[in-house]
4 protein chains.
Amino acid sequence: MTISERKEREKELRRMQIITAAENLFFRSGYDHVSMEEIARAAELSKGTIFFYFKNKETLFITIVLRGIRLFYEMVSDACEKYSDSPSDQLRTMGEVVIMFSREYPGYLSAIRLFKSGRFSLEKQSETGEETREILQYSRRLSGFMENIVREGIQKRVFRDDIDPIELGIIIRMLTGSVMDINPEIRWMLREHTISEEKIIDTFFTLMTSMIAGKKTSDINPDMREYL
Amino acid sequence: MTISERKEREKELRRMQIITAAENLFFRSGYDHVSMEEIARAAELSKGTIFFYFKNKETLFITIVLRGIRLFYEMVSDACEKYSDSPSDQLRTMGEVVIMFSREYPGYLSAIRLFKSGRFSLEKQSETGEETREILQYSRRLSGFMENIVREGIQKRVFRDDIDPIELGIIIRMLTGSVMDINPEIRWMLREHTISEEKIIDTFFTLMTSMIAGKKTSDINPDMREYL
Amino acid sequence: MTISERKEREKELRRMQIITAAENLFFRSGYDHVSMEEIARAAELSKGTIFFYFKNKETLFITIVLRGIRLFYEMVSDACEKYSDSPSDQLRTMGEVVIMFSREYPGYLSAIRLFKSGRFSLEKQSETGEETREILQYSRRLSGFMENIVREGIQKRVFRDDIDPIELGIIIRMLTGSVMDINPEIRWMLREHTISEEKIIDTFFTLMTSMIAGKKTSDINPDMREYL
Amino acid sequence: MTISERKEREKELRRMQIITAAENLFFRSGYDHVSMEEIARAAELSKGTIFFYFKNKETLFITIVLRGIRLFYEMVSDACEKYSDSPSDQLRTMGEVVIMFSREYPGYLSAIRLFKSGRFSLEKQSETGEETREILQYSRRLSGFMENIVREGIQKRVFRDDIDPIELGIIIRMLTGSVMDINPEIRWMLREHTISEEKIIDTFFTLMTSMIAGKKTSDINPDMREYL
DNA sequence: AATGAATGAGGTTTCATTCAT
DNA sequence: CATGAATGAAACCTCATTCAT
């Protein structure tokens, strides 16, 4: 059995070799500016081999997206396990993870963004279905984390309860999204005012926390009682 | 002179004819999936003519981006002129413009996003320089609007003053960006919970306003003190 | 108008240039063993130009098939006009045309055969529809010629009338087909016995004529009267 | 010895397994549209194994052709043994076999036709020599059958003797060939006139028999006397 | 100013065949 | 014997761009 295991391992190695090469190129030049030929050269394999491992350029890319989202998920889920204290802290932790990810792996980030832009969506469902489905799963689980934090925050009366918790959850998601999305323009503004990314993000979370912070119970919207 | 004027007018007309055709196609199918051939057919002109008016496919696209950002700028500046009341209201007004734009002109929005994604950046500077520069100008002016609102808000003591106004401006920009970016995923979540886009956006601005609003220091939630 | 006419003529010339080059290669090596690259080289044009004139390798091939069948049709129709004498003679004339074609243009012949073999049929209907339809038209008209001869032969009581004229027509088509199909094997046999193709074909038509020749009218199958 | 025998048997089994799979695919989709990969999958073996048993895709195909022609030969030779009666009946019998084969094994038929079309001929002689030679042998033996019938028919004075028996033999071969070749076009005509294939073939042989039937001996061509 | 034929580099993909294990 | 990973040549096709008219 060890022999087939070794083969399995080697095959996985080759896959990684290809993925790594492809990642570098995609991250540097963008999906459209990279050819399978280049990927092959970078991986020191033949073009045919690339197509042996990945049916498509698209499939290869989506595999990378999947890797990215999986990585992000691990980071989030690790962080959530450690700090199971106050919802506020969890939220900030989550935000920190988001920022870390967006700084450490900007390539993955823009890959994920391209994937979600609708560029790849529906046509070739059958071919890439496997990975696509998995990506959606992770997305949903990530949403779950967020919702849990919000629900807990409201239950524990540390988050304001005059807002539908679901809406609050969604808005927090939107906001965190905006943090990940520190685009070149913003970056340029920061440079111009010599403000570090760390600083702005810190301020951002300070504001967000204060925004979410709890209110007196007398203000509680009766419709929302059920969530408490 | 009238004869050259007519020619000028006709030339401008042709340009518009092309831009309109290209817009429709780009907005429907995305930059990469539209060929110059198609654009020519849609504009009822020949491929050569397209290249006579636009050096490049890229230049043509950037021209459209410019149109989009100009349109956005007009909307914002119109809105700002009319409602020159309280900074809070101005802010909300601005948000509303943002949302209106993103709903009325989603095509321009994603064109702008693609442009800012770094896909078109540096290589062909010289060729597209003209338009690119203008786009940047509008971007900067838009930032200016925001900064003014924030500055005014702080001066009038309606915005919190415990935050660097520049940072506050940037963060507000980030947040408004996140609203424009109501992506498919968020949209899907909204549908699942039967929450309308209008509702979520209204809530969003309510929250944002409260976040930015000036506070008496005595109101601070003790749990949150550390963040201030 | 002369200017656009000239352009038209030149375009037609290019088409012919390509067709001629492709024909030579297809006839020499067979459809699958010829690449568009080769055709381009042979036509002294770029690959792109070939695809500008012909959407497909398939379309190019079918155009050649159409040329072949058109040529065949002209030959047949010319011959039929000249010799409007006895049906028997018409039949023999037709046979002679068939043989001439199969000897002069064996390339076209096998192209037509490949086309009819079902290799190209249904998948890309829309793309090659135009030519395909025309090919079918010619085929049908050719069948018409044959049917007319047979009908006339029966009416003039020079063909046997104890056979359903429709069946007779079909069989004659099958037989003439077999003449066109003098394949390598048969050819090899002829060489081995030092019999010329002319000789065997002459004999063939002698036999066929005697086979088709009329019978006493008393034998007429009553069911067939209507055709007379 | 039993052990090597078993191995031998198993090897033969594998061969058949491959041939059967390949046949099905070739017959369904045509030589060029079937890949070795597909064959391997269908045979539930690996690609490498296919190449172990058959040097080539071509060799594999030719093996199938050989199978087809062998099968045809068996059918003909069986039929000839049983009905050793009159040459006319033998001829009809032979025709019936031809038709049966073309209806029962259309796949083999078109494989044989492809093989004879010159597609595979000369280049790789050395590699496929063995099978090719055997195919030729069977072909020749089949011709022999035909020639014998004709010779006997003439000797027994039931076939016309005003025709060179060799020529007659060849023509009969051509004709029988035309029956095998009931191509889609003819088939379509038959359907349109609601004539069954059986009917047309019956009529065909009726006509052929009458065509071949004997003449008065006084008409005998003196040159042909030697054959009698 | 307008045309559209011509280009050719580049893209993705397929597949027969080899070979180390 | 059997496997299947690896190869790489060659296939078909697209399209932005140029240029003579």
Side-chain angles (χ1 to χ4, degrees), chain A residues 3-4 6-8 10-11 13-15 18 32-40 43-60, chain B residues 7 10-11 14 32-41 43-60, chain C residues 3-4 6-8 10-11 13-15 18 32-40 43-60, chain D residues 7 10-11 14 32-41 43-60:
Chain A
I3 189 161
S4 77
R6 182 175 50 77
K7 286 215 164 181
E8 205 60 33
E10 276 177 357
K11 202 172 171 183
L13 233 73
R14 278 263 182 277
R15 259 183 77 92
I18 293 169
D32 290 293
H33 290 19
V34 175
S35 72
M36 292 300 258
E37 179 71 42
E38 280 176 279
I39 293 171
E44 298 181 303
L45 290 167
S46 76
K47 220 188 325 180
T49 307
I50 310 294
F51 278 94
F52 180 74
Y53 281 92
F54 299 91
K55 204 169 15 240
N56 267 341
K57 189 183 178 187
E58 211 170 294
T59 304
L60 173 52
Chain B
K7 287 217 166 182
E10 278 178 356
K11 204 170 167 183
R14 281 262 184 279
D32 289 296
H33 290 19
V34 175
S35 70
M36 294 301 259
E37 177 71 41
E38 280 177 281
I39 293 171
R41 257 203 312 274
E44 297 180 305
L45 290 167
S46 77
K47 234 189 312 186
T49 307
I50 310 293
F51 277 92
F52 179 78
Y53 283 93
F54 298 91
K55 202 164 24 233
N56 264 341
K57 188 183 179 185
E58 214 169 289
T59 304
L60 172 53
Chain C
I3 189 162
S4 77
R6 181 175 51 76
K7 287 214 164 181
E8 205 59 34
E10 276 178 357
K11 203 172 172 185
L13 232 72
R14 278 262 182 281
R15 258 182 78 91
I18 294 168
D32 290 292
H33 287 22
V34 175
S35 73
M36 292 300 258
E37 179 72 42
E38 280 177 280
I39 292 171
E44 298 182 301
L45 291 166
S46 75
K47 222 190 324 183
T49 307
I50 309 295
F51 278 96
F52 179 75
Y53 281 92
F54 299 91
K55 207 172 9 244
N56 267 341
K57 191 184 176 187
E58 210 169 296
T59 303
L60 173 52
Chain D
K7 287 216 165 181
E10 277 178 354
K11 203 172 170 184
R14 280 261 184 279
D32 288 292
H33 288 20
V34 175
S35 69
M36 294 300 261
E37 178 71 42
E38 281 176 280
I39 293 171
R41 258 204 312 274
E44 297 181 304
L45 289 166
S46 78
K47 235 189 313 186
T49 307
I50 310 292
F51 277 92
F52 178 78
Y53 283 93
F54 298 91
K55 202 166 23 234
N56 266 340
K57 191 184 180 187
E58 214 169 291
T59 304
L60 172 52

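In what follows, every heavy atom counts, from backbone to side chain, and hydrogens, waters and symmetry copies are set aside. Lettering follows sequence order; numbering is per chain, from 1.
- Where C:V34 and C:K7 each meet DNA chain F at their nearest nucleotide, the meeting point lying more 5' is that of C:V34.
- Phosphate contact (OP1/OP2 of F:dC12, side-chain N/O of C:N56, threshold under 4.0 Å): absent.
- Here C:F54 lies out of heavy-atom contact (under 4.0 Å) with every strand.
- To the nearest angstrom, C1' of F:dA11 lies 13 Å from NE2 of D:H33.
- In this structure, C:S46 OG and C:F51 CZ are separated by 10.5 Å, a value rounded to the nearest 0.5 Å.
- Residues A:T59 and A:K55 come closest through the heavy atom pair OG1-CB, 4.4 Å.
- Of all the residues in residues 44-51 of chain A, A:L45, A:S46, A:K47, A:G48, A:T49 reach under 4.0 Å from DNA chain F with at least one non-hydrogen atom.
- With rounding to whole Å, D:D32 atom CG is found 12 Å from E:dC15 atom C1'.
- With sequence neighbours left out, B:K47 forms a salt bridge (Lys or Arg N to Asp or Glu O under 4.0 Å) with B:E37.
- The interatomic distance linking C:E8 (CD) with F:dT21 (C1') rounds to 15 Å, in whole Å.
- The two atoms that bring A:A43 and A:I18 nearest to each other are CB-CA, 4.2 Å, heavy atoms only.
- Using a 4.5 Å heavy-atom threshold, the side chains of A:K11 and A:R14 count as separate.
- Separating the CZ atom of B:R41 from the P atom of E:dA2 is a distance of 20 Å, rounded to the nearest angstrom.
- The side-chain heavy atoms of D:I39 and D:L60, taken from C-beta on, include a pair separated by under 4.5 Å.
- Taking both residues in full, the closest heavy atoms of D:K57 and D:V34 are given as NZ-O, 2.8 Å, listed atom of the first, atom of the second, then distance.
- A close approach under 4.0 Å does occur between a side-chain nitrogen or oxygen of A:R14 and OP1 or OP2 of F:dA6.
- Distance CD (B:E37) to P (F:dT17): 14 Å, rounded to an integer number of Å.
- Mapping A:E38 and C:Y53 onto DNA chain E by nearest heavy atom places C:Y53 closer to the 5' end of the strand.
- In this structure, the CE atom of A:M36 is 19 Å from the C1' atom of E:dA9, given to the nearest Å.
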Quick one: the dot-bracket string of DNA chain E, using Watson-Crick and G-U wobble pairs with both distances under 3.5 Å, [ ] for crossing pairs and | for bases paired to another strand.
.||||||||||||||||||||
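- When heavy atoms are screened at a 4.0 angstrom cut-off, B:K11 is found touching the sugar-phosphate backbone but no base atom.
- In B:E10, the CD atom is crowded: over 12 heavy atoms of neighbouring residues, nucleotides or ligands sit closer than 6.0 Å.
- Counting to the nearest Å, the C1' atom of E:dG11 and the CG atom of A:L60 are 15 Å from each other.
- We find that CD of C:E10 is positioned 19 Å from P of E:dT3, with the value rounded to whole Å.
- For C:F52 and A:S35, each mapped to the nucleotide of DNA chain E holding its nearest heavy atom, the one lying further toward the 5' end belongs to C:F52.
- Listed here is the closest heavy atom pair of A:M36 and A:I50: CE-CG2, 3.8 Å.
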